[in-house]
Amino acid sequence: GGIGSITVVENPLAIPGTEGVSTVEADCSPKIAIGGGCRVNDPTNNSFYGSYRSSANKWTCEYYIGVGVTPTITAQAICAP
């Protein structure tokens with residue numbers, strides 16, 4: 001237990017734009033996701049759509065990605081035992 005057992009997991013993923021919503025997940029398995037966040041390296045051509053805990057051990061990020069760009073979206077999960 002304790003604060004020292006909390007870890008952070010990141011999943012950066014380059015996604016080609018299709019003029020639609022794309023999803024990236026960070027997976028804490030076997031730990032539990034207690035929070036998370038999202039970032040994108042090109043905020044000009046992409047729009048943040050949502051961020052949520054999608055299962056007991058996953059944090060999900062959704063972005064609308066314009067056509068003709070390939071941003072890197074990073075999902076980050078805060079994991080606890």
Enquirer: Taking all non-hydrogen atoms of both residues, which atom of Asn41 and which atom of Pro71 are closest, and how far apart?
Expert: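 Smallest heavy-atom distance, with atoms named: OD1-CA, 3.4 Å.
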Enquirer: For Ser22 and Ile15, which heavy atoms make the closest approach, and how far apart are they?
Expert: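 For Ser22 versus Ile15, the nearest heavy atoms are OG-CG2, 3.6 Å.
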Enquirer: Could you measure the distance from the OG atom of Ser54 to the CD atom of Glu62? Nearest 0.5 Å is fine.
Expert: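 It comes to 9.0 Å.
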Enquirer: Report yes if the side chains of Ile78 and Lys31 come closer than 4.5 Å at any heavy-atom pair, otherwise no.
Expert: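 The answer is no; the side chains never approach within 4.5 Å.
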Enquirer: Give the minimum heavy-atom separation between Ser51 and Gly37, together with the two atoms involved.
Expert: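 Taking Ser51 first and Gly37 second, the nearest heavy atoms are OG-CA, 4.5 Å.
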Enquirer: Assigning hydrophobic clusters by single linkage (Ile, Leu, Val, Met, Phe, Trp, Tyr; side-chain heavy-atom cutoff under 4.5 Å), is Val24 placed with Val21?
Expert: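 No, it is not one cluster - the side chains of Val24 and Val21 are not joined through contacts under 4.5 Å.
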Enquirer: Within this structure, what is the CD1-OG1 distance for the pair Ile65 and Thr70, rounded to the nearest 0.5 Å?
Expert: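 Between Ile65 CD1 and Thr70 OG1, I get 8.5 Å after rounding to 0.5 Å.
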Enquirer: CG of Leu13 to CD1 of Ile73: how many Å apart, nearest 0.5 Å?
Expert: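 CD1 of Ile73 is found 7.5 Å from CG of Leu13.
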Enquirer: If you measure from CG on Asn11 to NZ on Lys58, what distance do you get to the nearest 0.5 Å?
Expert: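 Those atoms lie 10.5 Å apart.
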Enquirer: Tell me whether Arg39 is salt-bridged to Glu10, with the criterion being a basic N under 4.0 Å from an acidic carboxylate O.
Expert: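 Here Arg39 pairs with Glu10 in a salt bridge, since their nearest N and O are under 4.0 Å apart.
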Enquirer: Which residue pairs pass the ring pair (Phe, Tyr, Trp, His ring centres under 6.0 Å) test when at least one of the two sits in residues 53-81, sequence neighbours left out?
Expert: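 Matches after skipping sequence neighbours: Phe48-Tyr63.
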Enquirer: Is it the case that the side chain of Asn57 and the backbone of Pro30 share a donor-acceptor pair, with hydrogens and angles ignored and the cut-off at 3.5 Å?
Expert: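 Not confirmed, Asn57 side chain does not pair with Pro30 backbone.
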Enquirer: Decide yes or no for Val40 and Thr72: does some side-chain heavy atom of the first lie under 4.5 Å from some side-chain heavy atom of the second?
Expert: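 Val40 vs Thr72: side chains apart.
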Enquirer: Rounded at 0.5 Å granularity, tell me how far CD in Glu25 sits from SG in Cys61.
Expert: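 One finds 9.5 Å between CD of Glu25 and SG of Cys61.
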